[in-house]
Amino acid sequence: MEICKALRKGMVLLVMGMVISFLYADSIHAFYHEQTESYSALEENTQDEVQFFEGEGLPDDQWDDKIPVYIPKKKVSGKAVTTNSLSGKYGYQSLKYEEQRKAYRILEDAAETFHNSDLDAVEVSSSGTQKYIAIAVDMNKSITASKIGEVVVCLIYDHPDYFWTQGYTYYLESADIDASVTRVTLACHKDYMDGSKREKLQEEITQEVEKYMDLIVGISSDYEKELILHDAIAHKVTYAYDENHNAQQERWAHTIEGIFSKKYYSAVCEGYAKAFQLLLNAAGIENVYVVGKASGQGHAWNQVKIDEEWYNVDLTWNDSRDQKNYRYFNLADDIFDRNHVPFSNEYEVTPKVGEWSYPVNKCISKLYSYENMGAAKENPSCKVGLGKIQGAKVTILNHGVVVTSGSTLTNNINLVNEVQRENWAAVTSGTALTVQIVPEYMNGEYLRIETTLNGEKTYFNGVGGKEISYLIILEEDSVLEVSVYAPVQKVKLNKSTCNITGYGKKVILTADIIPPTATNPKITWVSSKTSVAKVKGGVISSVGAGKTTIYAYLENKTVVAKCSVTVKAPYLKIISTKRTVRVGKTLNMKAKLYGTTGEIRWTVSNKKIASIGAKSGKLKGKKTGTLWVTARKGKITARVKVAVKK
């Protein structure tokens with residue numbers, strides 16, 4: 001035991017020494033704060049800490065030909081293209097549709113090309129204002145206006161290293177509310193349009209990031225890495241104010257430049273959060289950049305994942321009054337959400353960078369809060385905690401005092417690796433615990449309860465639609481964990497029948513799980529006749545004409561839903577209604593393809609009676625009589641009889 005304590009003390013001293021050597025390695029100006037007036041970023045007037053940039057939709061005829069267009073690769077990888085260790089992928093993974101992810105990968109490829117070059121941004125004039133275009137990408141109408149905004153904002157949020165970005169523009173083929181996007185541009189802030197200056201700043205940032213990474217060499221715990229990086233930024237950086245002591249509005253204060261440039265070592269919350277995000281990415285720690293409101297003002301912070309659990313961190317507020325503290329380090333939502341609210345992921349037209357947020361994680365655990373981990377704790381004789389809680393609220397009380405409590409998440413997509421875990425509470429041996437389980441739904445739905453004592457399952461039971469309590473006495477050094485599972489009762493598909501015309505067509509099936517808090521509702525999709533249609537992940541792909549049934553199986557095939565699918569062969573239809581033409585006159589023949597695309601070719605059965613343009617379908621009468629007019633696309637044909645009259 002004494003040896004362990006000595007080793008632990010030695011590790012702490014080593015980490016402290018590494019931090020101190022880093023903090024005093026450069027200039028006094030960089031790391032010391034003047035002891036005159038010290039202000040708090042938490043208490044001062046800090047409105048507009050997060051700058052926002054709107055996305056602009058323009059008709060394609062307003063395209064400026066001066067802008068060089070990046071031509072995306074013919075084949076785009078199924079994964080995000082960059083191998084840049086400073087970027088994240090949370091935004092990319094939050095995109096719902098494959099066309100959005102593909103657009104993300106194309107834009108990221110172009111942005112990386114610009115980011116790693118010394119190219120100048122292209123100056124253009126739009127709506128009477130000057131813009132500096134970093135990249136322009138041909139989207140080839142592969143995505144619609146309603147889906148492109150989330151793609152660009154997620155890309156910018158995932159890349160704190162793209163300090164040069166400032167808004168975006170997308171061009172549309174028509175004025176329709178959901179027209180296809182032809183091109184997308186990312187703007188560059190005017191401070192970073194000069195490629196040579198941007199390249200020098202990149203080198204300086206890289207050197208600074210390497211210094212931070214040197215601090216965590218040999219550290220295996222993600223918690224310790226997070227704490228060291230948090231403290232290093234807080235020691236080295238001051239909050240950025242303008243001459244009126246408001247939040248600094250210069251661009252550098254809102255980017256990683258403010259944190260990593262020797263010229264400043266100062267930033268507002270946006271810079272703090274982006275720099276912390278970047279360093280956590282470099283350290284291999286999963287995290288999320290979050291924008292929202294704190295105490296009613298625009299603000300930015302982070303969520304960090306430690307041992308499969310998410311925590312909230314506000315580094316800016318922890319550096320208030322230029323004195324490092326841990327009041328907002330690894331907090332659960334029940335405390336953090338009292339004054340922090342992420343922005344909504346809904347928007348009317350296009351999401352604004354800095355005023356829109358993807359769905360963020362539920363932070364429930366308190367295990368790695370600084371309160372629990374930051375200082376030495378007494379070794380408790382017994383531990384009590386919660387495992388996965390679904391479909392119920394579980395409260396553990398010790399002599400009537402709550403030691404831990406947790407309830408179901410409202411939506412399965414918010415589960416973190418399908419695990420929800422509360423912090424461990426310390427209780428003394430021989431103490432009496434009361435475990436209360438209250439189902440979320442009081443309609444007879446079945447809940448499965450597991451209690452694990454010292455790694456062994458000691459109790460297993462089912463509860464249907466009623467509250468229940470257990471009394472447990474713990475022995476010395478016991479470890480108790482209570483879990484509740486909500487099995488799937490029913491699954492309902494968004495379609496019970498589906499008709500598809502053509503081959504290679506896709507239709508998406510979605511499933512509503514009942515109860516919505518069901519534990520781990522993995523769906524197995526099966527097609528009864530794969531020669532007609534295949535299914536993967538709920539996406540039906542037509543193969544050949546015929547009928548098949550798509551099954552969605554859950555809970556080891558004890559719960560099932562199905563959709564009847566009919567696939568029709570592609571066909572061609574002549575839609576021209578007129579069937580006569582006079583000698584010397586013309587008639588425009590028109591046809592439409594169903595279930596396929598391509599060029600339609602025209603022929604006539606008697607060229608002496610009439611001629612027809614093979615591509616145009618323009619029929620010209622030569623002499624009286626009747627003939628067959630045929631439209632053809634490959635093996636698909638349609639024909640009508642036409643009379644030529646005087």
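Count residues from 1 along the sequence.
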query = Does a side chain donor of either Y104 or D158 reach within less than 3.5 Å of an acceptor in the other side chain?
reply = yes

key: Sub-4.5 Å side-chain heavy-atom contact between I540 and K534   = no

ask   = Looking only at atom types and distance, does a side-chain atom of H340 sit under 3.5 Å from a main-chain N or O of F336, one as donor and one as acceptor?
value = yes

ask   = Does the side chain of K147 reach to within under 4.5 Å of the side chain of E99, using non-hydrogen atoms?
value = yes

inquiry  = For S365 and Y311, which I'm curious about, is there any donor-acceptor pair between the side chains at under 3.5 Å?
reply    = yes

ask   = Do F329 and H230 come within less than 4.5 Å of each other through their side chains, counting heavy atoms only?
value = yes

ask   = Side chains of N140 and S142: donor-acceptor distance under 3.5 Å anywhere?
value = no

message = Side chains of E108 and H159, heavy atoms from C-beta outward: is any pair under 4.5 Å?
response = yes

inquiry  = Can you confirm if the NZ or CZ of R101 lies within 45° of the ring axis of Y92 and under 6.0 Å from the centre of its six-membered ring?
reply    = yes

ask   = Are Y168 and F53 close enough that their ring centres sit under 6.0 Å apart?
value = no

query = Taking the side chain as C-beta and beyond, is there a heavy-atom pair between H115 and W164 under 4.5 Å?
reply = yes

Anything under 3.5 Å between a donor and an acceptor, one on a side chain of residues 273-284, the other on a protein residue two or more places apart or in another chain? List them.
from	atom 1	to	atom 2	distance (Å)
K274	NZ	H254	O	3.4
K274	NZ	E270	OE2	3.0
Q277	NE2	Y157	O	2.9
N281	OD1	N287	ND2	2.9
N281	ND2	L86	O	2.9
N281	ND2	Q277	O	3.2

request  = Determine, stepwise, if the pair S295 / N339 fulfils side chain to side chain donor-acceptor pair (under 3.5 Å).
outcome  = CA-CA 5 Å; S295 296; N339 45 31; 4.9 Å; no

query = Counting only N and O atoms by type, is there a donor-acceptor contact under 3.5 Å from the side chain of S542 to the main-chain atoms of K505?
reply = yes

key: Proximity of H189 and W252 rings by center, below 6.0 Å   = no

key: K197 to Y192, cation-pi by 6.0 Å centre distance and 45° axis angle   = no

key: Full working for salt bridge (charged side-chain N to carboxylate O under 4.0 Å, His left out) between D118 and R198   = CA-CA 7 Å; D118 61 354; R198 198 175 63 251; over 6 Å; no

key: T169 side chain reached by L58 side chain, heavy atoms, under 4.5 Å   = yes

Any E112 side-chain heavy atom under 4.5 Å of F114 side chain = no

query = Looking only at atom types and distance, does a side-chain atom of Q303 sit under 3.5 Å from a main-chain N or O of N361, one as donor and one as acceptor?
reply = yes

key: Geometric cation-pi criterion, R183 with W63: 6.0 Å, 45°   = yes

inquiry  = If only side-chain N and O atoms count, and only distance matters, is there a donor-acceptor pair under 3.5 Å linking Y326 with D231?
reply    = yes

task = Report the relative orientation of the aromatic rings in W317 and H299; use parallel for angles under 30°, tilted for 30 to 60°, perpendicular for over 60°.
result = tilted

ask   = Is there a donor-acceptor contact under 3.5 Å from the side chain of D222 to the main chain of I306?
value = no

query = If you measure only the distance, is there a donor-acceptor pair under 3.5 Å linking the side chains of D178 and T144?
reply = yes

note = OG of S261 to CD1 of I256, rounded to nearest 0.5 Å, is 10.5 Å

